[in-house]
Structures are given as C-alpha cells and as structure tokens.
Q: 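Take a look at this one; I'll ask things after.
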Amino acid sequence: MPKKISKKEAEALGKKLAYKTRLVWDVLKPREEKKLWDLAEDYKAFLNAAKTERESVTEIARRLEQAGFKTTASPRPGNRVYQVFRDKVLALAVLGKEPLSAGLRLIASHIDAPRLDLKQNPLYEEVELAMMKTHYYGGIKKYQWLARPLALHGTIFKRDGEKIELAIGERPEDPVFTVADLLPHLARKVQMEKKLSEAVEGEKLNILMGSLPLGPREVKDRFKLAILKTLYDRYQLVEEDLVSAELEVVPADAARDVGLDRSLVGAYGHDDRASAFSSLAAVLDLPTPQKNLVLLFFDKEEIGSEGNTSARAQILETFLQSLFRLKGESFSSEGLVRTLEKTRAISADVAGALDPDYQEVHEKRNAPRLGYGLALTKFTGSGGKYGSSDAHAEYLFWIRQVFNQQDVVWQTGELGKVDEGGGGTIAKFLAALGLEIVDCGTPVLSMHSPFELLSKADLFMTYKGFKAFLAAP
Ligand code: MN
Ligand code: MN
C-alpha cells in the first residue's frame with residue numbers, strides 16, 4: 001500500500017513530477033504580445049510574395065540584402081553571406097566568433113509546396129474551350145483543387161533566350177484560372193459513388209484558359225489559337241516555349257486572418273514557408289553569434305528530395321567549402337567531416353496538428369495541438385519508423401534545455417497514430433552527413449490543402465525557439 005497523503009500534498013506532488021504542456025495564450029509575456037501579432041502580419045506579406053520555390057528565393061534574398069547580407073564578404077565575425085543555387089535553393093551564413101571546425105548551428109527548411117504543374121505540351125481545345133493540361137506535384141487531395149481561383153506562376157525561356165518570370169492571377173485586376181468541377185446533378189456515377197481517392201482523375205485536372213475564337217469557323221483549333229496569339233502579343237511567346245517552361249498553378253488567394261479573434265492565419269504553403277520565414281526572422285534578429293550560423297532553404301522536399309536542388313544534393317558541402325575559404329580556415333575532407341560531426345541542426349518543418357473533426361487518426365497524448373507552441377518531433381517515417389531520422393536522447397535533452405532556458409513554449413509532435421500513415425522530411429538526408437538533427441516546426445491544420453491553417457501563437461514560438469537554438473552556446 002502506498003503511503004496515504006492529503007489532496008493538497010498529492011496536487012503539489014503532481015505539479016512537481018508530472019509533465020504538462022502549456023497553451024501559449026495562457027503564458028505569453030505582455031511584452032511579447034505586440035511582436036506576436038506583428039510577426040504574423042509580416043508572415044502574411046512573405047507568403048503573398050513567395051508562392052513558389054523561385055519566388056521564395058527571390059523574397060528571402062530581398063530581405064537578406066535589406067539586412068546587409070552579401071553574396072561575397074570578408075571573414076570578420078558578424079559578417080553575413082548568402083548564396084543562391086539554380087534560383088531554387090538558398091543558403092545563408094552569419095559568421096560567428098568561433099571557427100567553423102567548432103561546428104555549426106544549422107536550420108534547414110523547404111520552400112516547395114504541393115501544386116499543379118503544367119505539362120510540357122499543355123495547351124489544347126475541347127468543345128470550343130481552350131484548356132491546359134497539368135501534372136500534380138506533391139501529395140494533394142485532388143478534389144481540393146476543383147472549382148477555385150488559381151494563379152499561374154513560372155519561368156519561360158523565349159526562342160531568343162530571354163527569360164520571363166510570370167505571375168498571373170495575384171493582383172485584383174488579373175484574371176484567374178480554374179479547374180471546372182462537375183455539377184452534382186450529373187456526378188453520381190462518375191464521382192459520388194467512387195472512392196474519394198479515385199473520384200477525381202489526375203488527367204481531369206485541366207485548367208480553363210479561355211473561350212474566345214480567333215478567325216472564322218473554318219479555322220482549325222481557333223480557340224487554342226486565340227490563347228497562343230494572346231501569349232505572343234503579350235510576351236512574344238510561341239507554343240514551343242511552353243515545352244521548356246516551368247509553370248506552376250497555385251491557389252490565387254492571398255493569406256488571410258482566420259477566426260473572429262484573428263488568431264489563425266489561413267494560406268497556401270504554410271508547409272513549409274512557416275519554417276522558412278521563422279528561421280529567417282530569427283537569424284535577422286540575432287546579434288553576432290558565437291557559433292557560425294547556417295540556414296538552408298531547399299526545393300523538392302514534397303517529391304522525396306530528388307534532384308540537384310533537393311536536400312540530397314551536395315549543397316551544404318559546397319556552401320561550407322566557400323565558408324572555409326571565407327574564414328581563412330584550411331579546407332580538407334577530414335575538416336569537413338569534423339565540422340559536420342559537431343554541427344547541431346534543426347530540420348524545420350510543419351507538424352500535422354490535432355484535427356477537431358478527425359481526432360481518431362491522432363494519438364492524442366502525442367499529437368501536436370494548435371496553440372501549444374513549437375512542435376518537437378523525435379522521429380517521422382511510417383510503420384516501424386521506416387524512412388525516419390530518429391533523434392538521439394542526448395540531442396533531444398540538449399534542445400529541450402535550450403527551449404526551457406529561453407522560456408520557449410514547445411510540445412512534442414508525432415504524426416498520427418502508429419500505422420495510420422506517416423510522412424518524411426529532409427532530416428534523414430542531412431543526418432547522413434553526420435550532424436545531430438531533429439524535426440521541429442509549427443503545427444498546421446488542413447496541411448497540403450490550398451488553404452492551410454496555423455496559429456499565430458505557434459508561429460511566434462517557432463520564431464522564438466529557432467532564435468534560442470541559434471543563439472545557444
Ligand atoms: Mn514539409
Ligand atoms: Mn509537405
């Protein structure tokens with residue numbers, strides 16, 4: 001029999017021994033409140049300027065230049081440099097007082113998001129309507145992309161080699177595009193009685209481009225021709241230019257406050273621009289650090305980190321090589337290995353928040369909740385932790401202390417029940433280089449949808465947590 005104790009004693013003991021998460025709104029310091037709301041305003045502006053990976057690189061570089069970052073610099077501590085890789089990846093560094101061989105503080109996020117890409121031969125006409133074919137990118141629920149305003153962003157090379165950057169559908173005076181959906185009256189057999197995963201076919205995600213003919217009735221494909229003529233008149237494009245273009249169809253809406261209390265932000269691409277933005281804001285607010293700080297913004301996470309702009313490419317190694325040169329430290333493959341071994345990193349990525357309507361797919365003791373701060377995810381993957389990078393106890397202990405010392409409100413965040421599903425991040429590719437890394441990010445509702453949701457309180461704690469991590473001794 002355990003010793004009998006009073007209710008008061010039991011409560012005191014519970015307070016001393018039990019682990020409790022905290023709601024940010026309950027514990028927020030009055031002096032932090034303004035920063036929390038201001039940060040969300042700046043975040044919405046960032047989201048609106050950065051809807052694609054290329055636009056994210058441009059917007060991050062713009063903010064960096066404004067803050068005194070240069071593409072070349074002297075080795076003085078406090079100096080700030082950045083490098084752009086193929087217009088889709090950005091790496092930045094703030095030189096610290098210590099040598100690189102003492103190890104880095106690194107945060108890596110991704111700036112690509114699920115979307116519809118145009119096919120190489122996109123333009124055609126069907127029943128006297130001009131259309132464009134798409135191929136979806138990343139994990140989407142296809143039905144979410146129907147019957148909503150869409151914008152067209154991307155990069156086109158003209159025959160003469162001139163590069164055009166397009167963004168149509170973002171300004172109020174712009175036209176938008178859309179994938180038409182079938183009326184419910186006729187949808188019974190082809191959609192409603194099917195499994196949700198099969199109800200909308202990928203080949204039916206076609207964008208409506210126009211309905212005006214060009215020339216008399218006898219002209220073949222005159223609706224398609226009308227679109228080609230518009231593209232030529234406006235941009236001097238011919239159809240073959242579309243073959244080499246990268247055109248991305250994204251939701252046309254701007255980021256908005258959600259809720260009567262305006263406590264949430266709804267937008268396309270919180271995954272993973274919430275992390276890109278928070279890590280950037282953190283680094284810009286720090287004085288000259290002890291450690292050398294590196295931030296990486298990767299492309300192609302949503303398709304498994306494939307290709308030379310992904311976390312699997314040798315971007316960190318290449319960037320580090322130039323940092324060694326910059327700091328006047330001798331570079332060797334052994335030195336690089338040593339530096340990476342002493343490096344502490346965060347794989348900054350959003351977490352799937354507990355959904356009020358689908359609580360059954362989560363395991364509530366371990367699911368991240370909106371408003372409970374930055375989510376620390378020891379491992380990702382699926383099944384028996386397949387495909388995951390599982391952070392070590394030593395490292396989790398260190399990072400937990402860093403957060404606690406700086407009063408960061410944080411929680412743990414496992415993605416769903418065991419065997420319910422799963423997901424990956426870039427952590428495992430960086431872990432393979434030998435550094436310590438853990439997944440960490442803002443909880444998000446409606447993840448991978450055209451209108452994702454996050455709490456402003458969690459965004460603020462992500463920023464605060466990243467700042468504490470970068471500044472930690
Ligand atoms: Mn992500
Ligand atoms: Mn994702």
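As the structure is a prediction and not an experimental result, all values here were calculated from the model. Remember, it's 1-based here, ligands and their atoms both numbered in the order they're listed.
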Q: Hey, is there an N, O or S on D271 sitting under 2.8 Å from the Mn ion (ligand 1)?
A: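 Yes, D271 qualifies, because one of its backbone or side-chain N, O or S atoms lies under 2.8 Å.
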Q: Any N/O/S atom of D272 sitting less than 2.8 Å from the Mn ion (ligand 2), backbone or side chain?
A: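 It does not: D272 brings no N, O or S atom closer than 2.8 Å to the Mn ion (ligand 2).
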Q: Is D349 close enough to the Mn ion (ligand 1) that one of its N, O or S atoms comes in under 2.8 Å?
A: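 It does; at least one qualifying atom falls short of 2.8 Å.
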Q: How long is the straight-line distance from CG of D257 back to CZ of R262, given to the nearest 0.5 Å?
A: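 Reported to 0.5 Å precision, the distance equals 4.5 Å.
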Q: Could you identify the N, O or S atom of E302 positioned closest to the Mn ion (ligand 2)?
A: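 Within E302, restricted to N, O or S, the Mn ion (ligand 2) is closest to atom OE2.
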Q: Check this for me, if you would: do R62 and E65 make a salt bridge, where the nitrogen-to-carboxylate-oxygen distance has to be below 4.0 angstrom?
A: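 Salt bridge: no.
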Q: Do K163 and F157 form a cation-pi contact, if we require the NZ or CZ to be under 6.0 Å from the six-membered ring centre and within 45 degrees of the ring's axis?
A: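 K163 over F157 ring: no.
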Q: Checking R400 against W410: charged group under 6.0 Å from the ring centre and within 45 degrees of the axis?
A: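 Not satisfied by the 6.0 Å and 45° rule.
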Q: One thing to verify: whether E98 and K291 come together as a salt bridge, which I'm taking to mean a side-chain N less than 4.0 angstrom from a carboxylate O.
A: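 A salt bridge is present here (some side-chain N lies under 4.0 Å from a carboxylate O).
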Q: Let me check your reading of the structure: within less than 2.8 Å of the Mn ion (ligand 2), is there an N/O/S atom from H110?
A: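 Given the 2.8 Å cut-off, H110 does not count as a ligand of the Mn ion (ligand 2).
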